[in-house]
Amino acid sequence: MRKYMVTAVLLVFAVVTIGTYYAQASQETPPNYKLTMVQGDASLVEGIAVYGNYVSKDSTFGIERAYITTNGTDYPDEKSAISQSLNRRPMKTQLDRWIEEHRQFMRGKTNTSGFYENEEMLAYVNATVDTKRSNDPSAKRNAKLSISLLNKQKNNTLEITSDINVDHDISDMYVQNVQLVNQQLVAMVFLNHSAKGYVSEPQIIRVNLTTKEITNEPLTLPGAKSVAANGDNQFVRLANQNLDHTDQWILSVSKDNHKKAYQVDVKTGQISPLTFQGHEMLLNNIMNAYGQKIYFLQKAVSSKENIGFAVVSYDLVSKEYETTLKNTNIDLSENITYAFKQDHLYIMGYKNFKGNRLYVFNLTSGNLEYEGKVVSTEAANQAEDEANMDLDFIDLDQF
Amino acid sequence: MRAFVKLLNFEMNRFAKIYIGLMVLTVALQLAAVTIGANHWLDSANEAMRVNQWTLEQYHNMTGYIQLNSMMYARYNGLLYFGPIFLSITVLLIYSCFIWYRDWRGKNTVVYRLLTLPSNRANLYFAKLVTILLFVFGLVALQIILVPLERLIAQSILPAELYRNISVFDFLKYPTVLKVLVPPYFSEFVLYYGLGITGLIVLFTAILMERSYRLKGIGLIVLYLAVLAGLASVPYLMGYNRYDSYFYPGEIIGACLGLIVIIAGGSLWYSLYLLRKKISV
């Protein structure tokens with residue numbers, strides 16, 4: 001028996017040590033947090049998550065990313081690579097729900113802003129630019145537009161693809177929003193020129209679902225450039241929310257530290273500047289469009305420095321302004337994060353802001369409709385665990 | 001089973017001296033690295049406090065805590081600490097080939113005795129495979145038990161005001177080669193070492209091809225590797241690294257696991273076939 005000693009000792013040593021290590025490692029889990037309601041309507045936080053960093057004093061790295069929902073906490077770094085790639089987000093997203101319902105149709109479709117959905121159909125518009133480069137600066141590059149359409153009732157699909165020529169210095173194209181007007185899918189697409197400067201150029205692409213004809217209409221922004229010169233930068237942002245149906249797109253354009261806003265009629269493609277006469281300063285605030293209103297989030301409205309916030313709404317039809325929300329209690333200095341979902345504003349602060357609280361305001365009524373708090377579920381170290389959590393992002397499943 | 005255990009023990013004893021040497025070297029060099037590192041940090045802390053007239057607390061406020069992983073960044077300590085790990089990996093890789101070829105060496109070649117044993121030849125294959133795996137897992141286990149020892153050394157050299165003890169788990173999670181050798185989660189351990197075992201089976205298959213067909217075997221190995229490369233490219237073709245892949249992540253992962261099983265199973269089956277039918281004495 002002694003002659004087997006080396007083998008037996010090595011076998012037992014390896015199995016016991018590695019087994020004990022992984023048994024102990026499985027016990028070393030960071031605290032579990034939950035988003036709990038203090039007051040209001042709990043349905044407003046169903047299916048959302050708040051993200052933050054767990055800052056542990058005893059860890060080598062000190063910081064671990066945490067995804068917190070009303071059910072508990074996910075630590076993505078605590079998961080295996082396989083588990084991470086299978087569950088990227090802590091909650092079931094709209095894409096997940098569509099994949100469950102229309103698994104075949106949803107293949108390869110990941111850009112939330114490329115979808116349009118109504119009771120009859122689910123449509124997806126995607127634009128890609130080829131990566132081939134030519135030495136000829138005047139050469140056109142090939143871009144491909146693909147449209148997929150699912151008829152929900154008949155469960156059949158329609159695929160339309162078309163090559164379109166774009167300028168050589170276009171580096172990429174992104175579909176920002178898709179609407180349906182009279183059997184026409186109308187997509188707002190940004191073409192990005194990045195060869196000389198970074199210039200984002202909006203275009204409207206129309207797809208006639210009856211004739212399958214595709215047309216693209218460059219949008220000439222009054223006073224803005226559509227071709228990049230050396231050192232030029234022009235950033236365009238669509239203020240509308242993903243997946244919301246609208247007949248007006250609102251574009252915010254930043255160029256040379258100046259901001260301008262434009263209103264684009266989805267049906268006609270007509271573009272007109274939004275001047276906000278007498279209220280031009282609103283353009284320096286965070287802007288979000290929903291329905292026929294544009295909401296501006298103004299920080300630090302109180303006479304005390306960096307305290308409070310207000311939301312001013314602008315009605316696109318009546319052209320009237322209204323301060324729909326004014327709050328002088330919540331410190332909205334730089335360390336806050338916010339997100340709009342339809343006519344609700346979600347606000348949360350960094351650095352243990354008011355005890356890791358999340359507030360949801362209704363922008364129409366101006367009421368606080370939900371107040372929640374991220375709490376540690378472990379009673380023993382609750383206060384310390386909560387002090388170690390630093391929230392910094394609200395995931396409302398909009399992207 | 002008895003024949004397998006005997007063969008396993010035979011293979012273990014053949015490499016035991018070198019293996020124990022590797023273990024001793026790893027222990028000695030890593031403990032030395034931590035001792036040197038801790039003393040270096042202590043000296044530099046003393047020097048900084050002397051020059052700036054700081055107290056321990058002031059020094060700590062300026063530089064933060066010293067942890068076990070800090071030791072690897074002092075002078076050539078990284079080489080001293082990780083050197084034996086890389087040396088062990090290299091030696092075991094070379095021995096994975098040599099474990100077969102040594103049987104053919106010398107006048108009274110061992111392979112005659114081994115292949116004429118009145119037992120299933122598969123025992124010979126699995127004895128060699130398990131030998132390499134036991135050596136690997138033995139070194140992994142050694143690394144795990146070395147960390148608490150290293151912590152004790154660092155703790156005994158550095159003052160408590162400067163040193164922060166971290167758990168073995170946190171230390172091994174630090175992104176170095178240790179994170180690959182001892183992955184933080186058991187599922188990753190199974191995945192990484194599953195891939196490693198598949199690689200070893202492929203290597204053994206290539207060696208047995210060469211041993212079976214000699215020069216012609218080289219051509220067969222090239223063909224075999226080309227087939228493996230083709231299979232390995234399937235996840236790329238499925239777009240595993242693309243955000244907008246046609247396939248869902250679960251399908252790509254399923255395909256990868258399926259391919260690993262096919263490659264490992266196919267290679268194992270072919271190796272055993274070669275050992276039973278093609279290699280003769």
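In what follows, chains are A, B, ... by sequence order, proteins preceding strands, each numbered from 1.
In terms of heavy-atom pairs under 4.5 Å with chain A, the best-connected choice from B:Val182, B:Ile252, B:Leu139 is B:Val182. Each of B:Leu8, B:Ile20, B:Val168, B:Val5 has some count of heavy-atom pairs under 4.5 Å with chain A, and the biggest count is that of B:Val5. Looking only at heavy-atom pairs under 4.5 Å with chain B, the residue among A:Arg88, A:Arg103, A:Glu28 that has the most is A:Arg103. Residue with the most contacts toward chain A among B:Leu172, B:Leu134, B:Leu191: B:Leu134 (heavy-atom pairs, distance under 4.5 Å). Per-residue counts of heavy-atom pairs under 4.5 Å with chain B were compared for A:Val6, A:Asp77, A:Ile82; the largest is that of A:Ile82.
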TODO: Tell me, with the steps shown, if A:Thr7 and B:Asn9 meet side-chain hydrogen bond (donor to acceptor under 3.5 Å, both in side chains).
DONE: CA-CA 6 Å; A:Thr7 310; B:Asn9 198 53; 2.6 Å; yes
Open item on the list: Would A:Gln24 and B:Phe169 count as a side-chain contact (heavy atoms from CB on, under 4.5 Å) here? Give the steps.
Closed with: CA-CA 8 Å; A:Gln24 281 183 349; B:Phe169 182 67; over 6 Å; no
Open item on the list: Under the criterion side-chain contact (heavy atoms from CB on, under 4.5 Å), I'd like the reasoning laid out for B:Tyr185 against A:Lys79: C-alpha separation, chi angles, the key distance, then a yes or no.
Closed with: CA-CA 8 Å; B:Tyr185 308 103; A:Lys79 287 179 168 177; over 6 Å; no
- [ ] Quick one: do A:Leu10 and B:Met12 satisfy side-chain contact (heavy atoms from CB on, under 4.5 Å)? Show the steps, please.
- [x] CA-CA 10 Å; A:Leu10 190 62; B:Met12 295 288 294; 3.3 Å; yes
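More than 12 heavy atoms of other residues, nucleotides or ligands shown are found within 6.0 angstrom of CZ on B:Phe98. For B:Phe10, the CZ atom is densely surrounded, since the number of other residues' heavy atoms within 6.0 Å is greater than 12. For B:Glu57, the CD atom is loosely surrounded, since the number of other residues' heavy atoms within 6.0 Å does not exceed 12.
Of all non-hydrogen atoms in B:Ile253 and A:Ser85, the two that sit nearest each other are CD1-OG, 3.2 Å. When every heavy atom of A:Ala14 is checked against every heavy atom of B:Gly138, the shortest pair comes out as CB-N, 4.1 Å. A:Ser80 approaches B:Ser187 most closely through the heavy-atom pair CB-OG, 3.2 Å. Considering every non-hydrogen atom in both B:Tyr248 and A:Arg107, the closest pair reads OH-N, 3.4 Å.
In this structure, chain A has no heavy atom under 4.5 Å from any part of B:Gln143. For a residue to count as touching a neighbouring chain, one of its non-hydrogen atoms must lie under 4.5 Å from one of that chain's; by this rule B:Phe247 touches chain A with backbone and side chain alike. Heavy-atom distances place no part of A:Lys109 under 4.5 Å from chain B, backbone and side chain included. Both the backbone and the side chain of A:Phe13 come within less than 4.5 Å of a heavy atom in chain B.
Atom-to-atom distance recorded for B:Asp244:CG and A:Asn126:CG is 6.5 Å, nearest 0.5 angstrom.
Within the 4.5 Å cutoff, no side-chain heavy atoms of A:Val15 are placed close to those of B:Phe137. You'll find the side chain of A:Ile18 reaches within 4.5 Å of the side chain of B:Phe189, heavy atoms only.
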